[in-house]
Amino acid sequence: MYRTLPEMDAALADCRACPRLVAWREQVARDKRAAFRDETYWGRPVPGFGPTDARLLLVGLAPAAHGGNRTGRMFTGDRSGDVLFAAMHAVGLATQPTATHLGDGLRLLDTRVTAPVHCAPPDNKPTPDERDRCRQWLVTELELLAPTLRAVVALGAWGWQALLPALTAAGWETPRLKFGHGVRYPIAAARAGRAPLELFGSYHVSQRNTFTGRLTPQMLESVLAQAISAARR
């Protein structure tokens, strides 16, 4: 349907398929948070971010209400992104350790960041129906990245469970694989034009995980370093 990632991203940004998510993202964009009251919120679905020939894909959960939903870029302008991009910069996947707004100069290297759900959900909890309705975008993204994609990191168990059926639909074999921080699985191609992948798991970069020490910068950097090493073989 879409020939390029920019073409898909442009269409994705106009999606209104999930009424509850449309209402919430637009309400947040109107009401705003006091700290951002002078800013114009994005208030739309947030596309993936990174080069179109990425060898590594990071898959999160969904945009944050006052992060990606405000800035228009995945993991940008929120505390989860502060942790993620600092770790990516530390292992050579990002040109700078911070992501504050579009046009801040950040570039990702060999890596794209995306999510199974592209609209900010209430309480950070998409419904199963919303997840499944949004899956077409992740499937298409995987298909368009297939010529170069060699490794995928799922951030969190929710993202892991949403990713597996998308990988299957996009042409890879995904048997029942158990999520865990630091797990690594080889994923065989099931369709012509697909290369085998390495699939990695990491705890999500949520405030709950990072504030409690369940996920430390060193733990995240270790997973990312292994993933990019696998992707560049």
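Sequential numbering from 1 along the given sequence is applied to the chain's residues.
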Say whether [X] and [Y] are linked into one hydrophobic cluster, either directly or through other cluster members, by side-chain heavy-atom distances under 4.5 angstrom.
X	Y	result
Val117	Val113	no
Val46	Phe36	no
Met88	Leu61	no
Val153	Val183	yes
Val139	Leu197	no

With sequence neighbours excluded, residues passing salt bridge (Lys or Arg N to Asp or Glu O under 4.0 Å) with [X]:
X	answer
Arg30	none
Glu173	none
Arg135	Asp132

Can you find a pair of side-chain heavy atoms, one from [X] and one from [Y], that are under 4.5 Å apart?
X	Y	value
Pro45	Arg25	yes
Trp158	Lys125	no
Leu58	Leu84	yes
Val22	Cys119	no
Phe85	Thr76	yes
Ser229	Gln226	no
Arg79	Phe211	yes
Glu141	Leu12	no

Could you tell me whether Arg191 atom CZ has more than 12 heavy atoms of other residues or ligands within 6.0 Å of it?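 Counting neighbours around CZ of Arg191, more than 12 heavy atoms of other residues, nucleotides or ligands fall under 6.0 Å, so yes.
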
Run the numbers on Thr95 and Leu106 for side chain to side chain contact (heavy atoms under 4.5 Å, CB included), then give the verdict. CA-CA 6 Å; Thr95 58; Leu106 174 65; 4.2 Å; yes

Are the side chain of [X] and the backbone N or O of [Y] linked by a donor-acceptor pair below 3.5 Å?
X	Y	answer
Arg133	Ala17	yes
Ser222	Gln218	no
Asn209	His204	yes
Thr148	Ala54	yes
Arg37	Ala34	yes
Arg20	Pro126	no

Note: Arg112-Asp9 ion pair, threshold 4.0 Å (strictly below): yes

Any Lys/Arg nitrogen of Asp104 or Arg73 sitting under 4.0 Å from an Asp/Glu carboxylate oxygen of the other? yes

Rounded to the nearest 0.5 Å, what's the gap from [atom1] on [X] to [atom2] on [Y]? Could you check?
X	Y	atom1	atom2	value
Ile187	Arg194	CD1	CZ	14.0 Å
Phe200	Leu57	CZ	CG	13.0 Å
Met8	Arg3	CE	CZ	15.0 Å
Arg55	Thr111	CZ	OG1	10.5 Å
His101	Glu39	NE2	CD	9.5 Å
Ile228	Leu109	CD1	CG	8.5 Å

Test applied, side chain to side chain contact (heavy atoms under 4.5 Å, CB included); reference residue, Leu5; option that passes from Thr114, Thr140, Asp53, Thr52: Thr52

Can you see which heavy atom on [X] is nearest to which on [Y], and at what distance?
X	Y	value
Gly48	His118	N-CE1, 4.2 Å
Leu102	Gly72	CD2-O, 4.3 Å
Ser206	Ser80	CA-OG, 3.7 Å
Val205	Val83	CG1-CG1, 4.1 Å
Leu215	Leu220	CD1-N, 4.0 Å
Met74	Pro63	CE-CG, 4.2 Å

Tell me the ring-ring contact (aromatic ring centres under 6.0 Å, His included) pairs involving residues 2-24, sequence neighbours left out? Tyr2-Trp137

Pairwise ring-ring contact (aromatic ring centres under 6.0 Å, His included) hits with a residue in residues 41-68, at least two apart: Tyr41-His66

Cut-off 3.5 Å, no hydrogens considered: what does the side-chain donor-acceptor table look like for residues 159-168, sequence neighbours left out?
residue: Trp160; atom: NE1; partner: Leu177; partner atom: O; Å: 2.9
residue: Thr168; atom: OG1; partner: Leu164; partner atom: O; Å: 3.2
residue: Thr168; atom: OG1; partner: Thr174; partner atom: OG1; Å: 2.2

Give the intermediate values and the outcome of side chain to side chain contact (heavy atoms under 4.5 Å, CB included) for residues Leu199 and Trp172. CA-CA 11 Å; Leu199 174 61; Trp172 284 275; over 6 Å; no

